[in-house]
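Encoded as structure tokens, the structure appears first; notes follow it.
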Protein chains: 2
Amino acid sequence: MARWHEIAHELRAAIAGGDVAPGDVLPRETDLQERYRTSRTTVRQAVAALEKEGLVEKVRRRGTVVRRPPTRRRIPRSRRVHRDGIGYYFDTAAQGWRPLEPPAIGRVPAPADIARLLGLPAATEVVTRSRVMGDPGSGDVTQLATSYLAPAAVDELPVLAEPDTGPGGIYDRMEEAGHGPLRWEEAVSARMPSPDEARRLSLPPGVPVLRITRITRGADGRALEVNDTRVSAERFEVVNEIDRDPTAAPRNPPVPSGPPA
Amino acid sequence: MARWHEIAHELRAAIAGGDVAPGDVLPRETDLQERYRTSRTTVRQAVAALEKEGLVEKVRRRGTVVRRPPTRRRIPRSRRVHRDGIGYYFDTAAQGWRPLEPPAIGRVPAPADIARLLGLPAATEVVTRSRVMGDPGSGDVTQLATSYLAPAAVDELPVLAEPDTGPGGIYDRMEEAGHGPLRWEEAVSARMPSPDEARRLSLPPGVPVLRITRITRGADGRALEVNDTRVSAERFEVVNEIDRDPTAAPRNPPVPSGPPA
DNA sequence: CAGTGGTCTAGACCACAAC
DNA sequence: TTGTGGTCTAGACCACTGA
């Protein structure tokens with residue numbers, strides 16, 4: 001076993017055993033060097049392993065801080081979307097966050113995975129609507145969302161490429177054009193952030209992004225739009241409810257939760 | 001800007017621009033040292049950054065390999081669970097994977113987050129049922145699942161702590177005891193794996209685990225069980241369907257997808 | 001079995017933010 | 001202001017594994 005593995009193992013045990021509590025700092029690097037009779041490089045490699053696991057965070061001039069177990073805010077999902085009441089479940093206002101700026105409209109070659117979902121040849125040019133959501137008060141960014149619009153939808157409804165799409169947004173426009181009732185399919189996965197995403201979402205090392213990829217289809221089944229939303233996997237979770245009884249009456253849509261206590 | 005940032009930036013651009021295709025290798029470390037007139041430490045720090053992002057994977061004797069964009073297998077979810085037909089949506093057999101060994105029964109203090117979901121004081125001792133799922137043919141492990149059982153449920157139904165819980169499993173036993181119809185709430189999030197999880201799921205560096213935390217409640221609303229499932233975030237995604245029209249008829253449950261082509 | 005990345009040393013200077 | 005981690009050097013030997 002490599003020396004740095006041993007050191008990482010002991011530090012991990014000290015954290016798990018409560019010898020160092022969340023918020024506390026690990027011994028400084030020079031102290032660990034001395035304690036383990038090793039070079040600074042080896043010590044740093046051990047601590048870097050814990051950082052990659054999201055267990056600790058390095059803070060300059062303070063030290064290596066043990067991170068708190070995350071409290072996640074719930075992103076509730078119901079099977080059905082209601083037009084009244086709480087709004088669409090993916091109505092961002094209902095989720096407690098708001099756009100920090102108007103959507104940025106762009107035209108880019110569709111990334112390979114998006115093109116596949118839209119049923120387009122790779123690198124077809126598509127219109128994008130990019131939003132940065134968060135708390136306007138603090139400027140805290142919680143969510144990066146990009147909509148990729150099918151070219152056919154934009155040709156039919158040029159307003160989709162406008163910053164302001166009118167009351168109800170793009171989905172109401174699509175239904176007005178006869179595509180309703182709309183259906184959505186939503187995939188949740190995760191990956192490590194790009195450097196840009198990490199910076200914009202203020203993600204410390206060792207924190208993945210939770211990725212919510214939602215495809216919108218019209219009544220004919222054709223894909224109209226793909227929405228790709230990224231949030232901190234440490235700050236959010238996507239919640240669904242399931243009933244066992246096939247005859248059970250639909251329950252009320254879940255109410256959006258407030259910020260963690 | 002630090003030198004290693006520059007190097008990482010150039011390597012990232014070479015990958016994004018297709019100069020090095022997936023499956024290709026980056027120049028060896030000594031070549032990069034020479035090209036950038038720097039030390040091996042600096043080169044390694046740059047490559048380590050790409051590895052943390054999941055872009056490359058180091059393979060001994062081969063080099064630093066550019067990873068392929070992941071193809072994810074879908075884990076479908078419907079709002080309702082059916083007892084006939086495809087089975088329960090979380091019936092693992094219907095998902096294309098099977099237990100590699102009988103469930104391991106344990107008794108452990110409940111982790112803080114599990115105790116909270118079960119409505120128990122922290123560190124209450126609970127019965128666990130741990131499963132390792134995968135492909136029995138290849139031995140490939142795809143899923144680690146642990147059920148945490150509420151003490152009251154085990155007191156009432158001691159069979160829940162047996163390796164074999166009989167036909168239909170623990171949920172049928174709970175319904176037979178009068179807790180039905182059961183309801184579930186499922187949260188999807190992600191985090192970096194522990195070293196043990198990374199080893200058992202064969203996760204390369206830079207790949208998070210997708211975590212599916214499902215809570216089972218009886219008709220009276222009390223929590224009976226929490227299931228904590230971990231899969232590779234690069235190999236799986238959780239998919240839900242949503243209708244807009246509140247009066248739309250329920251659609252058929254989604255059919256489990258096969259392995260990626 | 002040879003070449004790749006893995007590990008480790010001992011030392012130096014720097015940049016930043018908490019004190 | 002100053003102590004922390006951040007960056008970097010030049011070199012050595014090792015272990016694994018795929019050509």
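Predicted model only: the values in this text are computed from it and were never measured. Below, chain A is the first sequence line, B the second, and so on; all start at residue 1.
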Problem - Distance below 4.0 Å between Thr42(B) side-chain N/O and dT9(D) OP1 or OP2 - result: yes
Between Arg62(B) and Thr41(A), whichever has its closest DNA chain C nucleotide further toward 5' is Arg62(B)
Atom OH of Tyr36(A) and atom P of dT7(C) are separated, to the nearest Å, by 17 Å
For a quick check of understanding: with a heavy-atom distance under 4.0 Å over all strands, which category does Arg44(B) fall into, base, sugar-phosphate or nothing? base
Rounded to whole Å, the NE2-P distance (His5(B) to dA15(C)) equals 15 Å
Whole-Å distance, Ile7(B) CD1 to dT9(D) C1', equals 13 Å
No-hydrogen, no-angle side-chain donor-acceptor test under 3.5 Å, Thr146(A) and Asp228(A): no
From the candidates dT2(D), dG5(D), dC8(C), the one with an atom nearest any side-chain atom of Arg61(A) is dT2(D)
Whole-Å distance, Gln45(A) CD to dG5(C) P, equals 15 Å
To the nearest angstrom, the CD-P distance between Glu51(B) and dG6(C) comes to 7 Å
message: At 4.0 Å (heavy atoms only), tell me whether Thr30(A) reaches a base, stays on the sugar-phosphate, or touches nothing.
response: nothing
- Query: Is Arg28(A) reaching over with its side chain to a backbone N or O of Gly63(A), donor-acceptor style, under 3.5 angstrom?
  - Reply: no
Sorted by position of nearest nucleotide on DNA chain C, 5' first, the leading residue of Arg60(A) and Thr38(A) is Thr38(A)
So OH of Tyr148(B) and CG of Asn227(B): to nearest 0.5 Å the spacing works out to 9.5 Å
Among dA12(C), dA2(C), dA10(C), the one nearest any side-chain atom of Arg40(A) is dA12(C)
In whole angstroms, the gap separating C1' of dG3(D) from CG of Leu32(A) amounts to 16 Å
Note to self: Looking at Glu53(A) and Arg12(A), is there a salt bridge between them, counting it only when a charged N and a carboxylate O are closer than 4.0 Å?
What the structure shows: yes
Residues Val65(A) and Gly23(A): closest non-hydrogen pair is CG1-O, 3.7 Å
Distance test, side-chain N/O of Arg28(A) to OP1/OP2 of dT4(D), below 4.0 Å: yes
When rounded to whole Å, the CZ to P distance for the pair Arg37(A) and dT7(C) reads 23 Å
Reckon Lys58(B) has a side-chain N or O less than 4.0 Å from the OP1 or OP2 of dT4(C)? no
From CD of Glu57(B) across to P of dG5(C) the rounded distance in Å is 13 Å
